[in-house]
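Remarks on the structure that follows.
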Amino acid sequence: MKKLIGAAVIILLWNACKFNEQKTLPIAGNRDAVTETVDGKTVTDTVYQTIPAFKFVNQYGDSITNKTLDGNIYVADFFFTTCPSICPIMHRNMLTVYNAFKDVADVKIISHTIDPQHDSVAVLKKYADKLGIAGSKWWLLQGKKEDTYKLAASYLVSSPQVDAKEKYVHDGYFILIDKQKRIRGQYDGTVPEQVTKLIEDIKTLKAEPDQTTAK
Amino acid sequence: MKLKVISGICLLLAIFLYSCQSEDELEFSRYYSAGNVIYQSKCMNCHGKNGEGLSALIPPLTDSVYLKVHKDSLSCFIKYGLKGKITLANKTFEGEMPANDFAPIEIAEVLTYVTNSFGNKMGTITSQHVGDDLQKCK
């Protein structure tokens, strides 16, 4: 009997430990080891790849930079409004993400158009209205084509290609960026299961100490 | 003897009727399942797995009244695409559906699938029907 109680206590303690275990997401991209001398001691630190500075205009005509997104976890994707192939399915799935975090202040969504010539601010605003999104949760960003294409590379997605039939070919990835602008996950935006995982991962990320302390 | 003959004739008639009916049903299933395959590869990205469309951007395929009213134009919509304002399911849509280079039989199959899924029930749309409708495209 005593042994049994002992075993039960051990199992309970073990479970309690597991309960406190923090789940964290991996950090993607290139990393560098930087060795510095701090107070006479040699300290090696890991520097992770981050999303570089950018400047675009959203569907309201407001200027949006990397600074505007400071203090936010965000999901990014690339699309264009006249896209006949994967965009509708991507944004049907992104709507699920939008609705899941509608009332969460520090989670945002940005969609970069890869066809700025057609997708003017007015076109993007109309698209947003038709899609049924409002407020400042989900921004549709427009800017110089080269800037958008260059930025795509830093999100570790392939650069969009011009295609005769489909107009543009691009990845359907949703990329999760943390408050330190590091890439924390990539999800196929055309697969509902992957999008469910993204929603779970955003919750996990939000609970990480790094994310709760960053403003 | 008489009884046997009569019951025999009745039985034959029953088999005949039954097989006739199942021929129709067979045709329907053939159209429907082939249409399902086409739907998945050509229509589903935009119109959705359950024909739900996308907000006010892409119309749903769940408005049975719209489909019934426009039954004779559906073939033309698929073949030549659709542009301009349309109103259904209490929303106005003004996007553009691209044209599709489908054979009449493929149009018939996908139409049979769509008009008998997502809460619609319009029966088989034959390739003969599609052929006739395509003659009248504006």
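Residue numbers start from 1 in every chain, and the chains themselves are labelled A, B, ... in the order their sequence lines are given, proteins ahead of strands.
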Sort out for me which residue in A/H91, A/K126, A/K130 forms a side chain to side chain contact (heavy atoms under 4.5 Å, CB included) with B/L57.
A/K130

Minimum heavy-atom separation for B/L54 to A/P88, with atom names?
CD2-O, 3.6 Å

Please flag which part of B/M44 lies under 4.5 Å from any non-hydrogen atom of chain A: side chain, backbone, both or neither.
backbone

The interface call for B/E96 against chain A, heavy-atom contacts under 4.5 Å, is neither

A/Y173, OH: over 12 other non-hydrogen atoms inside 6.0 angstrom:
no

Considering residues, nucleotides and ligands other than B/K136, do more than 12 of their heavy atoms fall under 6.0 Å from its NZ?
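It does: B/K136 NZ has more than 12 such atoms within range.
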
If only atom types and distance count, is the side chain of A/R92 paired as donor or acceptor with the main-chain N or O of B/S55 below 3.5 Å?
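Here the side-chain-to-backbone pair does not exist.
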
Relative to chain B, which of A/L95, A/I89, A/L131 shows the most heavy atom pairs under 4.5 Å?
A/L131

For chain A, which of B/H47, B/K49, B/E94 has the most heavy-atom pairs under 4.5 Å?
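It is B/E94.
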
